[in-house]
2 protein chains.
Amino acid sequence: MMDGGQMANVKKEAKLNTLCYQCLGILLREPQSGYDIVKQLEPIRPVNTSQVYPTLTRLEKQGLVKSEELAQTGRPNKRVYTVTEDGRDVLTDWIGTEPDPPVLRDDFLTMLYSAWTKDPEEVVAMLERRLDYLHATMQWLETLLGEHRARYPEEIKNPRDWRFFRNVLLARRIANFQEEAVWSRGVIHMLKEAMSHD
Amino acid sequence: MMDGGQMANVKKEAKLNTLCYQCLGILLREPQSGYDIVKQLEPIRPVNTSQVYPTLTRLEKQGLVKSEELAQTGRPNKRVYTVTEDGRDVLTDWIGTEPDPPVLRDDFLTMLYSAWTKDPEEVVAMLERRLDYLHATMQWLETLLGEHRARYPEEIKNPRDWRFFRNVLLARRIANFQEEAVWSRGVIHMLKEAMSHD
DNA sequence: GAATCCATGTAATTGGTTACATGATTCA
DNA sequence: TGAATCATGTAACCAATTACATGGATTC
């Protein structure tokens with residue numbers, strides 16, 4: 001309050017990376033520890049503790065989050081982080097700005113890129129294993145989505161509640177995997193067609 | 001030929017990253033320069049020259065590619081790289097191994113994750129701008145795919161030709177964008193529904 | 001006259017992964 | 001008895017981006 005002008009400066013100087021905004025977003029839903037964040041972030045963006053802990057320390061130094069030690073019995077103490085007013089402002093100022101184009105890193109597709117050097121049968125086998133992976137991941141995501149919808153049947157309809165966006169973002173990922181499964185089956189079909197003409 | 005045993009060792013020691021395999025794959029299609037690789041890689045995986053040039057130097061030191069200077073008139077000389085036998089072996093040995101799970105980096109989705117802090121109208125505006133981006137990118141990819149299919153109508157049917165895989169991989173990216181566009185319109189619809197009930 | 005294309009690189013910095021260190025509790 | 005979960009961190013390394021440097025040819 002007293003040094004509002006200085007705080008505004010801090011806000012403008014801060015150039016944060018994606019992980020910072022992801023941490024702020026997750027902590028705004030509910031205050032929690034670095035360990036919790038890593039687990040919550042797993043379905044969206046796998047990240048290591050060795051990256052999260054220093055990030056939280058940095059955010060605290062910048063005054064965007066604050067923390068307090070929470071004593072626990074039978075397990076190690078927790079350091080629980082909460083988003084400050086400044087942190088919330090930095091996050092909401094960022095939302096709506098022009099994002100960088102999305103980037104997909106997928107070694108499987110890199111392999112397919114040069115799969116013309118392989119026997120078509122081998123490529124079919126690769127795609128079939130990929131389908132197994134896609135189905136397994138989809139089932140996991142569908143379980144998460146089902147639980148979410150069962151637990152918050154009303155909140156997921158309210159765009160002012162974070163559960164609305166968790167609902168649609170989970171649905172999007174599932175649709176994405178579904179679409180890749182359809183495509184994979186199409187490519188398998190094309191490969192088998194071509195093989196039958198030899 | 002003389003030191004085949006040593007070469008086999010080199011092959012096994014080499015632990016390459018994704019970019020290395022992408023460079024080997026692109027050079028196996030056709031020998032070309034670092035500059036060419038950056039441009040060819042653009043629709044799949046945007047990468048800087050400052051990462052590609054050192055990578056090619058490293059691959060050459062490992063004997064996986066070889067290069068020769070190509071004199072040009074009216075423009076700078078080119079260093080054209082070609083994949084060696086060892087390089088081809090390293091690449092084909094890698095294809096078919098278990099790939100790391102794919103990772104999507106997308107700041108737009110990170111923004112949506114915390115978009116419950118914003119007015120639903122603002123979120124609708126964000127999604128509509130996203131649709132513009134999606135349509136523009138799709139049109140670009142569809143142009144590339146159309147040209148490819150027109151130029152190689154026979155080759156794209158042959159799974160022993162790299163053009164087959166370029167065809168299906170481009171189609172996959174387009175389907176992906178298409179699917180996200182459908183999803184975006186769905187979310188816009190849900191937001192407008194919720195807004196009308198206030 | 002300014003911007004873009006062609007062409008190759010180095011240096012500095014940030015982002016991200018892997019390995020290491022510690023230690024109690026719970027479950028198979 | 002060994003593995004997994006909870007919990008926090010540091011150190012070393014590899015991956016990737018940004019900035020810098022150079023310079024002729026072409027296009028607007």
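Throughout, protein chains are lettered first and strands after them, A, B, ... in sequence-line order, and every chain is numbered starting at 1.
When the P atom of dT18(D) is taken as reference, atom OH of Y53(B) falls 18 Å away, rounded to whole Å. Rounded to an integer number of Å, the gap from N48(A) CG to dA7(D) C1' is 15 Å. What separates CD of E42(B) from P of dC5(C) is a distance of 10 Å, to the nearest Å. For the pair Y81(A) OH and dA7(D) P, the interatomic distance rounds to 14 Å; values are reported in whole Å. The separation between D36(B) atom CG and dC6(C) atom P is 9 Å, rounded to whole Å. Atom NZ of K39(B) and atom P of dT8(C) are 11 Å apart (whole Å). One can place NZ of K78(B) at 22 Å from P of dG23(D), the figure rounded to the nearest angstrom. In this structure, E69(B) atom CD and dG9(C) atom C1' are separated by 13 Å, rounded to whole Å.
A sub-4.0 Å separation between OP1 or OP2 of dC6(D) and a side-chain N or O of Q72(A) is absent. Between Q51(B) and dT17(D), a side-chain N or O to OP1/OP2 separation shorter than 4.0 Å is present. The phosphate of dG15(C) (OP1 or OP2) has a side-chain N or O of N17(A) nearer than 4.0 angstrom. Side-chain nitrogen and oxygen atoms of R75(B) include none within less than 4.0 Å of the OP1 or OP2 phosphate oxygen of dT26(D). At the phosphate of dG15(C), neither OP1 nor OP2 sits under 4.0 Å from any side-chain N or O atom of R105(B). Considering only side-chain N and O atoms, Y35(A) lies nowhere under 4.0 angstrom from the phosphate OP1 or OP2 of dT8(D). In this structure, S33(B) reaches the dT8(C) phosphate: one of its side-chain N or O atoms is under 4.0 Å from OP1 or OP2. For T57(B), no side-chain nitrogen or oxygen approaches OP1 or OP2 of dG9(C) to under 4.0 Å.
Ion pairing between R130(A) and E180(A) holds under the 4.0 Å rule for side-chain N and carboxylate O.
With hydrogens and angles ignored, a donor-acceptor pair closer than 3.5 Å exists between the side chain of S50(A) and the base of dT18(C).
Comparing atom distances between the P54(B) side chain and each of dA7(C), dG9(C), dT10(C) picks out dT10(C) as nearest.
R58(A) comes within contact range of no nucleotide atom at all, as no heavy-atom separation falls under 4.0 Å. Contact annotation for T18(A): no contact, since no heavy-atom pair falls under 4.0 Å across all strands.
Both G74(B) and V47(B) lie near DNA chain D, and the one whose nearest nucleotide falls closer to the 5' end is V47(B). For the pair L19(A) and T49(A), both in contact range of DNA chain C, the more 5′-proximal nearest nucleotide belongs to L19(A).
Taking the six-membered ring where the residue is Trp, W94(A) and Y21(A) present parallel rings, their angle staying beneath 30° rather than reaching 60°.
The heavy-atom pair separating P159(B) from L191(A) by the smallest distance is CB-CD2, 3.5 Å. When all heavy atoms are compared, the tightest approach of K192(B) to V124(B) is CE-CG1, 4.1 Å.
Annotation: cation-pi geometry satisfied between R29(B) and Y113(A) (NZ/CZ under 6.0 angstrom from ring centroid, within 45° of ring axis).
In this structure a side-chain-to-backbone donor-acceptor pair under 3.5 Å is missing from S67(A) to R79(A).
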